[in-house]
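Along the sequence shown, residues are numbered consecutively beginning with 1. The figures here come from the full heavy-atom set of this structure, side chains too, leaving out hydrogens, waters and symmetry mates.
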Amino acid sequence: MSALAFIAIGSNLGDRLAFGTQAIDGLRAYPAIAVLAQSTWREYAALTLPPHDPQPAYLNGVVQIRTTLEPAELLAVCHQLERDAGRPRRDIALRWGPRTLDLDLLAYNTRCVDIPGLTLPHPELHKRRFVLEPLCDIDPNWLHPRLGRTAHHLLEALICNSS
């Protein structure tokens with residue numbers, strides 16, 4: 001059985017566009033993955049959390065894919081693509097630091113998943129403009145299965161609450 005999924009792509013080190021494009025090409029290289037749509041690339045200020053120093057801005061986008069992989073398998077593909085781009089995942093101190101590539105599995109069909117290392121939909125999706133804007137490029141009517149609101153409505157609420 002195949003599933004529709006959304007993956008967020010971000011980079012704030014080196015040639016950010018090349019790393020993003022490399023990630024999409026890497027997804028396309030897997031026989032069990034078909035890239036269906038890609039958002040516009042957008043630049044966003046990095047969320048800098050202590051103990052990290054301010055860091056360069058991110059280039060972010062979202063892709064929609066069709067896959068026969070299960071969510072945990074798809075996440076493993078994302079982690080491998082990050083490693084291929086030079087991002088170490090073992091160092092927890094780098095979790096919120098600058099990175100060559102960051103891939104987040106945002107949603108997988110309408111499934112809600114809560115297993116160690118993976119929560120779907122992504123638990124921060126509705127709080128992140130750098131995810132919602134590109135997601136709305138692709139599918140503004142995507143319905144968040146836990147919140148019962150579309151991507152468009154989640155983005156509107158986020159914009160209203162940040163003003």
Side-chain angles (χ1 to χ4, degrees), residues 1-47 56-89 94-95 98-115 117-147 149-155 158:
M1 181 172 128
S2 70
L4 286 175
F6 292 97
I7 299 170
I9 302 170
S11 174
N12 75 335
L13 288 179
D15 187 338
R16 300 171 306 164
L17 182 58
F19 283 119
T21 302
Q22 176 184 332
I24 294 169
D25 291 343
L27 290 168
R28 283 191 175 108
Y30 278 83
I33 298 172
V35 176
L36 303 178
Q38 175 186 342
S39 72
T40 300
W41 293 108
R42 290 182 173 82
E43 186 173 80
Y44 294 91
L47 300 176
Y58 273 87
L59 192 64
N60 291 98
V62 169
V63 292
Q64 180 187 47
I65 66 164
R66 181 168 298 283
T67 185
T68 55
L69 298 174
E70 286 296 312
E73 295 171 314
L74 182 55
L75 183 64
V77 168
C78 290
H79 288 174
Q80 182 59 53
L81 292 171
E82 289 175 341
R83 285 189 297 276
D84 292 348
R87 178 184 176 187
R89 291 202 62 89
L94 296 176
R95 182 170 184 195
R99 52 205 106 145
T100 53
L101 187 61
D102 184 35
L103 298 176
D104 287 328
L105 181 52
L106 300 175
Y108 183 98
N109 279 345
T110 57
R111 283 177 60 178
C112 296
V113 175
D114 289 296
I115 59 174
L118 179 61
T119 301
L120 292 173
H122 191 287
E124 300 293 314
L125 179 154
H126 63 288
K127 300 176 187 175
R128 295 179 170 174
R129 188 172 186 161
F130 61 88
V131 169
L132 289 171
E133 283 181 337
L135 177 59
C136 283
D137 281 352
I138 297 171
D139 189 355
N141 295 316
W142 172 78
L143 188 65
H144 193 296
R146 293 186 197 262
L147 302 177
R149 300 187 73 196
T150 66
H152 174 76
H153 288 113
L154 292 170
L155 178 58
L158 186 65

How far does [atom1] of [X] sit from [atom2] of [Y], to the nearest 0.5 angstrom?
X      : Y      : atom1 : atom2 : value
Leu74  : Thr68  : CG    : OG1   : 10.0 Å
Gln80  : Leu75  : CD    : CG    : 12.0 Å
Ile24  : Leu103 : CD1   : CG    : 9.5 Å
Gln38  : Ile7   : CD    : CD1   : 12.0 Å
Asn109 : Phe6   : CG    : CZ    : 10.0 Å
Phe130 : Leu135 : CZ    : CG    : 12.5 Å

By ring pair (Phe, Tyr, Trp, His ring centres under 6.0 Å) - contacts of His122 (at least two apart)
none
Any [X] side-chain heavy atom under 4.5 Å of [Y] side chain:
X      : Y      : value
Arg129 : Leu155 : yes
Val131 : Asn60  : no
Asp25  : Gln22  : no
Arg42  : Leu59  : no
Tyr30  : Val77  : yes
Pro71  : Leu118 : yes
Trp41  : Arg16  : no

Restricting to non-hydrogen atoms, name the atom on [X] and the atom on [Y] that form the minimum distance, rounded to 0.1 Å.
X      : Y      : value
Arg146 : Leu120 : NH2-O, 2.8 Å
Gly20  : Ile9   : CA-CG2, 3.9 Å
His126 : Leu154 : CB-CD2, 4.0 Å
Asn12  : Pro56  : ND2-O, 3.0 Å
Ala151 : Asp139 : CB-O, 3.9 Å
Ala23  : Leu81  : O-CD1, 3.8 Å

Carefully, step by step, assess Ile33 and Arg28 under the rule side chain to side chain contact (heavy atoms under 4.5 Å, CB included).
CA-CA 6 Å; Ile33 298 172; Arg28 283 191 175 108; over 6 Å; no
Positive for side chain to side chain contact (heavy atoms under 4.5 Å, CB included) with Arg128, one of Asp104, Leu106, Leu158
Asp104
Is Ser39 reaching over with its side chain to a backbone N or O of Val62, donor-acceptor style, under 3.5 angstrom?
yes
Taken in chain and number order and not counting sequence neighbours, the residues that satisfy side chain to side chain contact (heavy atoms under 4.5 Å, CB included) with Pro145 are Thr110, Cys112, Pro121, Trp142
Residue set satisfying side chain to side chain donor-acceptor pair (under 3.5 Å) with Glu73, at least two apart, ordered chain then number -> none
Determine, for Arg111 against Glu70, whether the closest basic-nitrogen to carboxylate-oxygen distance falls under 4.0 angstrom.
yes
Please determine whether side chain to side chain contact (heavy atoms under 4.5 Å, CB included) holds for the pair Leu4 and Ile65, giving the CA-CA distance in whole Å, both sets of side-chain angles, and the decisive distance to 0.1 Å.
CA-CA 6 Å; Leu4 286 175; Ile65 66 164; over 6 Å; no
Can a donor-acceptor pair be found between the side chains of Tyr58 and Arg99 at a distance below 3.5 Å?
yes
